[in-house]
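Working notes for the structure below.
This one's a predicted model, so the numbers in the text were calculated from it and none came from an experiment.
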Amino acid sequence: MPARPYTLFMLLKASARWLALEAEERHALADDAMAEIYNRFPSVRLRFFNAGAFHGRCSDVLVWHTTDLPEYRAAADTLRANPFLSEQHFDVLDVIPSVPDDWREYEWDGGQAWA
């Protein structure tokens, strides 16, 4: 059986501290954080989206993709220790884990996996 893919949505709210940074400083912090995840956690992929113009509660969304939840957890802990998150640039509002097309598996096994 192939490894199950997971997508996790981490909702962030930018702080005044983040918004006060020059664009080049924001880019450098984000690039450093993303590079650390890519280089240390090969089964985890991470993308950074700006949502401020479209959402009232969160300003940004980190989208994580993995087939290895323990490695995701280590990557998330590493990101929380990185200046990108550790220096109060963002508040983590929520983390929404998801499984692509999981409803198909549920229908296939007659709902037994959910019982």
* **Non-hydrogen side-chain atoms of Trp18 and Leu29 separated by less than 4.5 Å** => yes

* To do: Begin with the C-alpha distance, continue with both residues' side-chain angles, and end with the deciding distance and a verdict on side-chain contact (heavy atoms from CB on, under 4.5 Å) for Asp94 and Arg57.
  => CA-CA 11 Å; Asp94 207 349; Arg57 190 169 146 242; 4.3 Å; yes

* To do: Keeping the roles fixed (side chain from Ser15, backbone from His89), state whether a donor-acceptor pair exists under 3.5 Å.
  => yes

* **Donor-acceptor pair between Thr7 and His65 side chains, under 3.5 angstrom** => yes

* Is the side chain of Thr66 donor-acceptor paired with the backbone N or O of Ser43 at a distance under 3.5 Å, no angle test? -> yes

* To do: Supply the atom-to-atom distance Trp64 CH2 to Met10 CE, rounded to the nearest 0.5 angstrom.
  => 5.0 Å

* Asked: When hydrophobic residues are tied together by side-chain contacts of less than 4.5 Å, even through go-betweens, does Phe9 share a cluster with Leu79?
  -> no

* To do: Kindly determine whether Leu12 and Leu62 satisfy side-chain contact (heavy atoms from CB on, under 4.5 Å), including the steps that lead there.
  => CA-CA 8 Å; Leu12 305 177; Leu62 294 178; 3.8 Å; yes

* Asked: Of all heavy-atom pairs between Pro5 and Val99, which one has the smallest distance, and what is that distance?
  -> O-CG1, 3.9 Å

* Hey, is the main chain of Ala35 close enough, under 3.5 Å, to the side chain of Asn39 for a donor-acceptor pair? -> yes

* Structure fact -> dist Met34:CE -> Asp32:CG (nearest 0.5 Å) comes out at 9.5 Å

* Asked: Ala14 and Ser59: which non-hydrogen atoms are nearest, and at how many Å?
  -> N-OG, 2.7 Å

* Report yes or no: does Arg26 contribute a side-chain atom to a donor-acceptor pair with the main-chain N or O of Leu21 at less than 3.5 Å? => yes

* Check whether any side-chain heavy atom of Glu36 lies under 4.5 Å from a side-chain heavy atom of Thr78, and answer yes or no. => yes

* Asked: Just by distance, do the side chain of Asp91 and the backbone of Leu93 share a donor-acceptor pair under 3.5 Å?
  -> no

* Could you tell me which non-hydrogen atom of Thr67 sits nearest to which non-hydrogen atom of Ala3, and how far apart they are? => CB-CB, 3.7 Å

* Whether Tyr38 side chain and Leu46 backbone form a donor-acceptor pair below 3.5 Å -> yes

* Asked: Does any N or O in the side chain of Glu25 come within less than 3.5 Å of the main-chain N or O of Glu22, such that one atom is a donor and the other an acceptor?
  -> yes

* Backbone N/O of Glu87 and side chain of Arg17: donor-acceptor pair under 3.5 Å -> yes

* **Smallest separation among heavy atoms of Gly56 and Lys13, with atom names** => O-NZ, 3.8 Å

* To do: Decide if the gap between the ring center of Phe48 and the ring center of Phe84 is smaller than 6.0 angstrom.
  => yes

* Below 4.5 Å, heavy atoms only, C-beta onward: do Leu11 and Val92 meet side chain to side chain? -> no

